[in-house]
Protein chains: 2
Amino acid sequence: MPHILDGRKVSQNLKDNLKIEIENIKYKFNKVPGLAVVQVGNVAASSVYVKAKTKAAKEVGINVFDYHLEEATNQSELINLINKLNNNKDVDGILVQLPLPHTINEEVVLNSILPEKDADGFHPLNVGKLSISPKNDEHLMIPCTPYGCLLLLRELNINLTGKNAVVIGRSNIVGKPMAQLLLKESCTVTTVHSKTINIESICKNADILIVAIGKPEFVDKDWVKKGAIVIDVGINRIKINEEKSKLVGDVLFSDVEHKVSAISPVPGGVGPMTIACLLRNTTAAFKLKYNN
Amino acid sequence: MPHILDGRKVSQNLKDNLKIEIENIKYKFNKVPGLAVVQVGNVAASSVYVKAKTKAAKEVGINVFDYHLEEATNQSELINLINKLNNNKDVDGILVQLPLPHTINEEVVLNSILPEKDADGFHPLNVGKLSISPKNDEHLMIPCTPYGCLLLLRELNINLTGKNAVVIGRSNIVGKPMAQLLLKESCTVTTVHSKTINIESICKNADILIVAIGKPEFVDKDWVKKGAIVIDVGINRIKINEEKSKLVGDVLFSDVEHKVSAISPVPGGVGPMTIACLLRNTTAAFKLKYNN
């Protein structure tokens with residue numbers, strides 16, 4: 001049976017360590033890191049994520065500033081709020097939950113967050129620093145989901161150098177930063193996507209397969225090499241019947257699990273890691289402010 | 001026989017177009033784009049590059065500001081100069097020729113250049129924008145060497161979508177931005193490097209092979225698929241005998257040329273494209289300033 005990469009356990013360890021770190025910060029600075037969580041509108045999934053992030057932040061001792069704006073909020077109102085948060089000394093990290101209403105330009109909004117408060121790691125300055133930096137080190141604001149995937153991989157205590165890593169998906173939120181992180185771990189990195197020819201056969205060569213494709217249970221055992229490590233980034237809600245639904249990943253877990261050496265489940269894999277990494281980035285932002 | 005990707009000819013076309021564009025700019029704005037070229041010390045290769053860049057810039061009508069500082073220049077003196085150039089309205093692009101003397105931190109210096117005057121495209125903000133932007137469009141400051149490689153590929157008038165592209169090398173100057181550019185052209189992109197296992201066999205699967213490895217004539221026909229397109233980024237000077245030397249690429253041209261469908265020679269391939277792209281970036285910086 002494969003090693004199940006238990007994101008709940010690993011994220012709990014990360015949060016336990018952050019809690020201790022924040023207690024030390026409180027003792028030393030007489031204040032704690034602050035995270036502003038901004039939601040616009042009422043997309044159901046966004047509300048679930050915001051609630052989970054807020055709860056986790058409070059658990060580790062981060063001070064949460066909650067802003068729930070109505071759907072009709074316009075772009076300049078949102079940017080006004082971000083400017084205030086940029087200038088608020090008690091706010092170390094700012095998270096704007098995506099997606100935003102269609103009337104608002106996400107890129108303009110994300111770029112208005114001060115790079116040093118960019119808890120999601122989406123600001124172009126942080127994206128550039130991630131690419132340029134030779135190591136995946138503590139001074140970087142790293143996008144939370146790919147960083148969570150990397151921390152799961154590190155749980156295996158294997159040498160990543162020279163491993164053949166394939167990333168399915170080329171989004172700015174997951175695929176591209178994931179490829180950067182793996183390259184810095186000295187993996188050989190291939191990015192495949194919707195235009196890739198023979199995608200299955202390329203994936204079947206992967207020692208490490210990161211799946212961020214957005215299609216429920218799409219990747220089956222024919223995509224996977226025997227003994228590979230599979231990280232499933234997908235979170236898809238599918239209907240079981242008229243009344244019930246369940247969360248599944250992009251990987252057909254029951255089909256693949258017998259073939260791999262390690263795999264992350266959905267739920268309980270990458271999801272909780274993403275949240276823990278947001279808390280890590282917020283704490284890192286606090287530390288960078290006071291160490292500089 | 002393969003198609004020889006004639007960088008001299010393609011770069012001349014690019015420069016001819018830039019010359020016309022700059023004449024139009026002069027007519028419209030009564031001024032021309034300005035490029036500051038900064039060299040510290042007397043590394044022989046740097047002097048050759050600086051001379052070639054200066055000459056080409058003048059040819060297309062760019063106003064060149066030459067700064068040749070002595071080897072003993074310290075970091076704060078250099079940054080003082082860059083600050084002055086940042087504030088100089090006649091300077092649209094700033095190029096600091098690398099490498100710098102060991103007493104100077106290159107990263108700190110490059111980051112002190114205003115992103116909107118970053119003619120080399122090395123500033124982290126420009127690196128991030130390149131990664132995030134969905135297209136390789138005219139608003140980006142794109143690192144000159146990989147951009148030159150892309151323009152050579154475009155000369156072939158083939159559809160790049162779905163092509164299997166392999167980039168050898170993961171430097172910030174060539175390999176990483178090259179991978180970003182090819183990904184946006186919808187290639188499937190693999191980055192291989194010194195830690196890659198079975199590097200030859202991965203390269204042998206490439207439809208497009210970009211070689212930036214820094215070893216003279218290292219890649220022979222066993223690395224190359226029949227009918228592939230090969231772009232050779234290497235510029236290495238090797239000794240023929242006690243008195244004579246010559247420039248060669250990273251590819252053993254005479255061995256590979258019979259097997260490929262297209263290949264860039266050294267010299268006369270990527271080299272002149274790099275210079276033309278620097279002029280393009282300088283002109284783009286001027287246009288962005290006046291169109292915003």
Side-chain angles (χ1 to χ4, degrees), chain A residues 106-107 110-111 115 118 121-134 139-141 143 159-173 175-180 182-203 205-207, chain B residues 106-107 110-111 115 118 121-134 139-141 143 159-173 175-180 182-203 205-207:
Chain A
E106 284 185 357
E107 193 184 340
L110 294 180
N111 290 4
D118 169 35
F122 295 157
H123 190 286
L125 190 71
N126 289 323
V127 173
K129 284 181 176 176
L130 180 69
S131 171
I132 291 167
S133 166
H139 302 298
L140 297 167
M141 300 298 255
N159 186 359
L160 297 175
T161 300
K163 289 277 184 294
N164 189 18
V166 175
V167 178
I168 312 182
R170 52 172 165 167
S171 72
N172 288 326
I173 295 174
K176 288 180 191 171
M178 189 76 243
Q180 298 287 358
L182 292 168
L183 193 60
K184 282 192 273 188
E185 299 292 326
S186 289
C187 294
T188 298
V189 183
T190 300
T191 302
V192 301
H193 47 77
S194 57
K195 305 293 186 191
T196 292
I197 297 160
N198 296 327
I199 192 166
E200 278 185 43
S201 70
I202 295 172
C203 292
N205 273 319
D207 302 315
Chain B
E106 283 186 356
E107 193 184 340
L110 294 180
N111 290 3
D118 169 36
F122 295 158
H123 191 285
L125 190 72
N126 288 323
V127 172
K129 284 181 177 176
L130 180 69
S131 172
I132 292 167
S133 165
H139 302 299
L140 297 166
M141 300 298 256
N159 186 358
L160 298 175
T161 300
K163 289 277 184 295
N164 189 19
V166 175
V167 178
I168 313 182
R170 52 173 165 166
S171 72
N172 289 325
I173 294 175
K176 288 179 191 170
M178 189 77 242
Q180 297 288 358
L182 292 167
L183 193 61
K184 283 193 271 189
E185 299 291 326
S186 289
C187 294
T188 298
V189 182
T190 300
T191 302
V192 301
H193 47 77
S194 56
K195 305 293 185 190
T196 293
I197 296 160
N198 295 327
I199 191 166
E200 277 186 46
S201 70
I202 296 172
C203 292
N205 274 320
D207 302 315

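These numbers come from the heavy atoms of this one structure, side chains and all, not from hydrogens, waters or symmetry mates. Naming: A, B, ... by sequence-line order, numbering from 1 per chain.
- Of the two parts of B:Lys176, only the side chain, counted from C-beta on, holds a non-hydrogen atom closer than 4.5 Å to a non-hydrogen atom of chain A.
- The side chain to side chain contact (heavy atoms under 4.5 Å, CB included) search around B:Pro177 returns B:Leu130, B:Pro143, B:Pro146, not counting sequence neighbours.
- Annotation: side-chain hydrogen bond (donor to acceptor under 3.5 Å, both in side chains) contacts of B:Asn111 (sequence neighbours excluded): none.
- Among residues 194-202 of chain A, the residues having any heavy atom closer than 4.5 Å to a heavy atom of chain B are, in sequence order, A:Lys195, A:Thr196, A:Ile197, A:Ile202.
- The backbone N or O of A:Cys187 lies less than 3.5 Å from a partner atom in the side chain of B:His193, making a donor-acceptor pair.
- Listed by sequence position, B:Gly162, B:Arg170, B:Asn172 are the residues of residues 162-173 of chain B in contact with chain A, using a 4.5 angstrom heavy-atom cutoff.
- In terms of heavy-atom pairs under 4.5 angstrom with chain B, the leader among A:Thr161, A:Thr188, A:Val192, A:Val127 is A:Thr188.
- Within 6.0 Å of NZ in B:Lys129 there are 12 or fewer heavy atoms belonging to other residues, nucleotides or ligands.
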